[in-house]
Amino acid sequence: MEEAKASGTAAPGTESAGAKPVDFIRAIINEHNRSGRFGGKVHTRFPPEPNGYLHIGHAKSVCLNFKIAADYNGLCNLRMDDTNPVKEEVEYIESIIQDVHWLGFDWDDRLFYASDYYDRLYEYAVKLIRLGKAYVCDQGPDEMRQYRGTLTEPGRESPWRSRSVEENLDLFERMRKGEFGEGEKTLRARIDMASPNLNMRDPVTYRILHSTHHRTGEKWCIYPMYDFAHCLSDSLEGITHSICTLEFEDHRPLYDWYLDALDVYHPQQIEFARLNLTYTVMSKRKLLQLVQQKNVNGWDDPRMPTIAGMRRRGYTPGAIRNFCERIGVAKNDSVVDVELLEFCVREDLNLKAPRRMAVLDPLEVVIENYPEGQVEEFRLPNHPDDPSLGFRTVPFSKTVYIEKEDFMEEPSAKFFRLAPGREVRLRGAYFLTCTGVRKNGKGEVTGLTCSYDPQTKGGDAPDGRKVKGTLHWVSAAHAIKADINLYDRLFQVPSPEGGDNFLDLLNPDSLRRLSSAMLEPSLADARPGATFQFERQGYFCLDEKDGQTPVFNRTVTLRDTWAKIDKGEGDRGRKKAPAPGVKPAPKKEEAPKIAMEDFAKVDLRVGLIREVSLVEGSDKLLRLMVDVGEGRLRQIFAGIRPACPDLDDLLGRKVAVVANLKERQMKFGLSEGMILAGGEGERMGIVTLNGDPLPGDRIS
RNA sequence: UGGGGGAUCGUUCAACGGUAGGACAGCGGACUCUGACUCCGUCGAUCUAGGUUCGAAUCCUAGUCCCCCAGCCA
């Protein structure tokens with residue numbers, strides 16, 4: 001086979017082991033370049049319809065189109081696909097222009113509008129009529145639908161299909177002049193009413209819309225349909241590769257048909273899978289609904305997956321571009337984990353964001369042995385790894401605020417922040433030991449008294465003693481009060497886009513407003529839009545500066561290993577754990593929460609019980625040694641004792657084992673799976689398998 | 001039950017008849033004046049069944065499942 005990579009399109013040295021794999025679109029382009037189909041030229045376009053704000057899904061397309069053009073030394077146009085004046089607005093056009101620019105792309109003087117081509121499009125339509133390939137149809141919407149047939153039955157030809165060229169020309173001209181009302185007449189392509197592809201059953205090419213267009217005003221009352229306008233706009237602009245999303249795949253025959261029928265320059269349409277993100281919705285209809293119903297505060301609400309929303313939230317263009325790079329491009333339907341986006345944001349911000357200290361939920365600390373009225377100034381670096389970001393000055397005094405959650409009166413073993421008698425470091429300042437706790441009548445902690453070690457100025461102990469915790473802090477006398485918006489995912493479930501009840505799935509805590517945060521004074525100079533890392537908290541950007549109190553939006557939290565530990569302990573300690581090792585059957589009343597797709601991930605295997613023993617200290621658990629066909633026995637602790645008065649009865653039984661479960665360390669030992677059982681107490685039963693399945697056989 | 005697409009670690013992208021690899025997530029560890037960053041380690045997948053082949057994620061056959069299409073929206 002010929003070496004594709006040696007064809008000269010790859011830069012020198014890139015065909016070595018580290019070469020980036022080529023996605024399927026570039027593979028097609030490479031093939032075109034090899035065959036000379038477009039003379040080595042690559043010219044793409046990003047063609048949004050200005051009927052909403054751009055979102056992260058559009059960003060994928062923007063990056064794809066502009067990057068491909070750049071990679072191949074070609075060009076990419078920005079084109080507004082404005083063929084439906086009813087839905088489109090100037091506000092959207094402006095936002096699109098701003099957003100694509102903000103993302104870091106430029107189209108020079110190549111901002112186009114499909115409406116730029118209305119005159120020529122009209123001429124093309126006339127030509128189609130002359131060729132006998134289009135006709136004016138008098139069918140109304142309902143009638144046309146009936147004649148179209150169904151997915152399985154062919155359509156019937158319209159009675160108007162055989163009008164003469166002259167009559168069609170005359171009628172079309174009169175449509176243009178406004179002699180007919182909306183819906184009275186359409187221009188249709190004469191293709192094939194029996195085509196299995198519905199798009200080819202004499203599709204409407206022009207429709208009458210007595211509506212003011214945001215650019216052409218009253219000039220037209222007939223407007224071309226997408227399929228007609230799009231392929232010809234591409235053709236007119238000399239686009240080589242018309243990259244669009246998957247749902248247009250079965251429009252490609254029509255794309256090709258129009259261009260062939262008119263015998264004009266013919267770009268190649270290529271379809272890729274649109275981006276979906278977990279915990280959000282991407283359809284413009286749903287986003288519009290959220291805006292209109294005021295579930296969010298406009299298109300640029302920081303919780304929205306729109307470019308404008310992400311900008312306001314503090315996401316950077318570089319992070320978004322990087323994200324689009326990492327998710328790749330293919331034809332699989334995919335839902336990308338929003339954590340990848342957040343990773344990209346952190347990755348970018350970590351490098352650039354100056355560090356600051358901000359206490360979101362303050363707890364007052366009085367340092368008893370610190371001189372009254374004394375103020376020290378510490379010079380702290382803006383970035384731990386990048387000296388070029390410089391320093392700022394932070395004042396310190398007798399009373400400081402620390403984060404409420406950085407103190408625990410009765411700490412667990414793994415908590416290494418402040419607690420009575422414990423010593424921690426105040427970042428960049430001193431070691432601090434908690435000597436007393438102040439409480440209100442309800443027993444809530446309202447403040448601490450602490451002592452500091454003057455020897456540890458700057459944050460290091462001359463005697464070399466270590467502390468486990470370092471806390472951020474703010475001097476009470478110098479603090480700036482601020483409001484903080486804590487944003488979380490908009491929806492509670494990973495895929496809210498499923499049914500029509502997506503509004504029920506909104507996360508009620510997607511925005512938490514904090515109004516008593518205290519910031520270090522250097523933040524007074526922050527400019528709107530500037531992003532900082534509030535140490536140990538996350539990245540925050542200044543939203544607006546009008547009013548007395550500044551407002552910071554949380555862009556994204558820091559990765560928080562402690563939260564996981566803490567939560568894990570909480571789960572173990574507080575919640576009543578179900579009998580381990582048993583998957584409880586769902587109760588009748590409540591619908592099962594497991595989606596079929598999740599269930600399909602369960603690897604259910606036949607397990608042969610080889611050993612059974614009681615577990616000391618538990619009246620529910622049994623220790624089973626089960627053969628799952630792996631050449632060794634798995635130890636499974638199962639809470640099935642109530643179902644098994646006679647242990648010997650279990651020996652040799654074949655049961656259903658969930659084999660791909662993460663093993664679980666229990667106090668009795670490691671449990672390497674789960675066996676299927678249902679019911680509770682004495683009514684519990686174990687799923688037993690009859691017949692001759694072998695241990696390890698998959699159960700489907 | 002028409003047509004068009006798609007099925008590879010939990011997620012996503014790769015591997016183009018020759019060792020199934022990367023990233024994110026997870027887990028474990030090292031480091032740390034951010035429980036961050038960084039570093040190291042680790043877990044983990046070819047939809048199913050046949051066939052071709054020395055060799056199959058890749059080719060063939062037959063299934064299964066998922067997505068899209070019946071706008072005068074794009």
Side-chain angles (χ1 to χ4, degrees), chain A residues 1 4 20-23 27 47-49 51 81 83-84 86-87 137 139-141 144-145 148-155 182-188 195-201 203-209 223 225-227 229-230 244-253 271 273 278 284 326-337 339-344 346-347 350-351 355 357 380 384-385 414-417 425-429 458-460 467-472 494 533-538 557-566 596-597 600-601 660 662 700:
Chain A
M1 201 194 117
K20 232 184 2 182
V22 193
D23 59 66
E49 184 193 11
N51 67 343
D81 216 344
T83 55
N84 186 354
V86 184
K87 291 188 178 172
C137 181
Q139 288 185 325
M144 197 180 290
R145 192 175 312 121
R148 186 152 33 228
T150 67
L151 293 178
T152 50
E153 303 156 24
E182 289 188 8
E184 277 181 36
K185 286 185 166 40
T186 58
L187 182 72
R188 293 230 255 166
S195 171
N197 182 344
L198 290 275
N199 296 305
M200 301 298 271
R201 318 243 259 231
V204 171
T205 303
Y206 264 90
R207 80 287 212 186
I208 298 169
L209 252 25
Y223 292 91
M225 296 288 289
Y226 163 84
D227 291 294
H230 201 90
C244 62
T245 44
L246 245 31
E247 67 269 26
F248 292 103
E249 209 150 18
D250 48 17
H251 288 241
R252 180 156 25 99
E271 311 85 8
T278 54
K284 275 195 201 171
R326 280 171 192 257
I327 56 176
V329 55
K331 299 190 74 158
N332 308 332
D333 290 321
S334 64
V335 185
V336 175
D337 199 328
E339 290 198 58
L340 180 60
L341 212 209
E342 291 174 347
F343 169 83
C344 292
R346 289 188 188 110
E347 184 186 44
N350 178 45
L351 261 28
R355 311 291 130 123
M357 291 195 287
L380 300 187
D385 310 314
K414 286 177 179 166
F415 184 84
F416 50 79
R417 279 116 96 145
R425 170 169 38 232
L426 292 182
R427 167 133 242 211
D460 280 309
V467 286
K468 288 199 85 174
T470 298
L471 312 186
H472 59 278
Q533 185 196 100
F534 290 174
E535 294 210 30
R536 306 207 305 132
Q537 290 291 356
T557 60
L558 258 28
R559 220 170 135 262
D560 192 352
T561 317
W562 163 245
K564 279 176 206 156
I565 299 167
D566 191 35
M596 280 320 286
E597 58 184 85
K601 289 171 191 159
N660 60 341
K662 224 183 101 52
S700 52

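Reckoned from all heavy atoms, side chains included, excluding hydrogens, waters and symmetry mates. All values derive from a computational prediction rather than experimental measurement.
- In this structure, CG of A:Asp23 is placed 11 Å from C1' of B:rA14, rounded to the nearest angstrom.
- The phosphate of B:rA36 (OP1 or OP2) has a side-chain N or O of A:Thr561 nearer than 4.0 angstrom.
- Legend: residues meeting salt bridge (charged side-chain N to carboxylate O under 4.0 Å, His left out) with A:Asp23, ordered by chain and number and at least two apart, are A:Arg26.
- Rounded to whole Å, the distance from CZ on A:Arg201 to C1' on B:rG4 is 13 Å.
- Atom CZ in A:Arg427 sits roughly 14 Å away from atom P in B:rC37 (whole-Å rounding).
- Using a 4.0 Å heavy-atom distance criterion, A:Phe534 is classed as making no nucleic acid contact.
- Remark: A:Lys87 engages no residue in a side-chain hydrogen bond (donor to acceptor under 3.5 Å, both in side chains) (not counting sequence neighbours).
- Looking at heavy-atom distances under 4.0 Å, A:Phe416 makes contact with a base.
- Atom CG of A:Asp560 and atom C1' of B:rC37 are 14 Å apart (whole Å).
- If you measure from atom CG of A:Asp385 to atom P of B:rC31, you get 18 Å, rounded to the nearest angstrom.
- The main-chain N or O of A:Gly183 is never found under 3.5 Å from a side-chain atom of A:Arg207 such that the two would form a donor-acceptor pair.
- In this structure, A:Lys414 atom NZ and B:rG28 atom C1' are separated by 12 Å, rounded to whole Å.
- Between the C1' atoms of B:rG55 and B:rC59, the separation comes to 13 Å (whole Å).
- Residues satisfying the ring pair (Phe, Tyr, Trp, His ring centres under 6.0 Å) test with A:Phe248, not counting sequence neighbours, are A:Tyr226, A:His251.
- No donor-acceptor pair closer than 3.5 Å links the side chain of A:Ser334 to the backbone N or O of A:Val336.
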| said: I'd like to compare against my own output: the B/S/- annotation of nucleotides 66-74 of chain B with a strict under-4.0 Å heavy-atom distance to protein. | reply: -SBBBSBBB
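- Residue A:Val329 is in sugar-phosphate contact alone, with no base atom involved, counting any heavy-atom pair closer than 4.0 Å across all strands shown.
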Could you list the protein-to-nucleotides 19-24 of chain B atom pairs, N/O on both sides, closer than 3.5 Å?
residue, atom, partner, partner atom, Å
B:rA23, O2', A:Arg326, NH1, 3.0

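- The base of B:rG35 lies outside donor-acceptor range of the side chain of A:Arg559, with no N or O pair under 3.5 Å.
- As rounded to whole Å, 14 Å separates atom P of B:rC37 from atom CZ of A:Arg536.
- Shown here are the side-chain hydrogen bond (donor to acceptor under 3.5 Å, both in side chains) partners of A:Lys468, two or more places apart in sequence or in another chain: there are none.
- Looking at residues two or more places apart in sequence or on another chain, you find no side-chain hydrogen bond (donor to acceptor under 3.5 Å, both in side chains) involving A:Asn84.
- In B:rG71 the O4'-C1'-N dihedral to the base is within 90° of 0, which defines a syn nucleotide.
- Remark: A:His472 pairs with no residue by the ring pair (Phe, Tyr, Trp, His ring centres under 6.0 Å) rule, at least two apart or across chains.
- A:Leu558 comes within 4.0 angstrom of a base, heavy atoms only.
- Residues forming a side-chain hydrogen bond (donor to acceptor under 3.5 Å, both in side chains) with A:Thr205 (at least two apart in sequence, or on another chain): A:Tyr258.
- Partners of A:Arg427 according to the salt bridge (charged side-chain N to carboxylate O under 4.0 Å, His left out) rule, which considers only residues two or more places apart in sequence or in another chain, are A:Glu535.
- For a distance-only test at 3.5 Å, the side chain of A:Gln537 fails to qualify as a donor-acceptor partner of the base of B:rU34.
- With a 4.5 Å cut-off on side-chain heavy atoms, A:Leu380 and A:Met357 count as touching.
- For B:rC37, neither phosphate oxygen OP1 nor OP2 lies less than 4.0 angstrom from any side-chain nitrogen or oxygen of A:Asn350.
- As a whole-Å value, the separation of A:Ile565 CD1 from B:rG28 C1' is 12 Å.
- A:Arg346 is linked by a salt bridge (charged side-chain N to carboxylate O under 4.0 Å, His left out) to nothing, counting only residues two or more places apart in sequence or in another chain.
- When heavy atoms are screened at a 4.0 angstrom cut-off, A:Val335 is found touching the sugar-phosphate backbone but no base atom.
- Nearest-nucleotide positions on RNA chain B for A:Glu249 and A:Val467 put A:Glu249 closer to the 5' end.
- Note on A:Glu153: nothing from the nucleic acid sits closer than 4.0 angstrom, heavy atoms only.
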| query | Tell me, what's RNA chain B's dot-bracket, Watson-Crick or G-U with both distances under 3.5 Å, | for other-strand, [ ] crossing? | reply | .((((((..((((....[..)))).(((((.......)))))....(((((..]....))))))))))).....
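- Within 4.0 Å of A:Arg355, counting heavy atoms only, lies at least one base atom of the nucleic acid.
- A:Pro47 is listed as a side-chain neighbour of A:His230, based on a closest heavy-atom distance under 4.5 Å.
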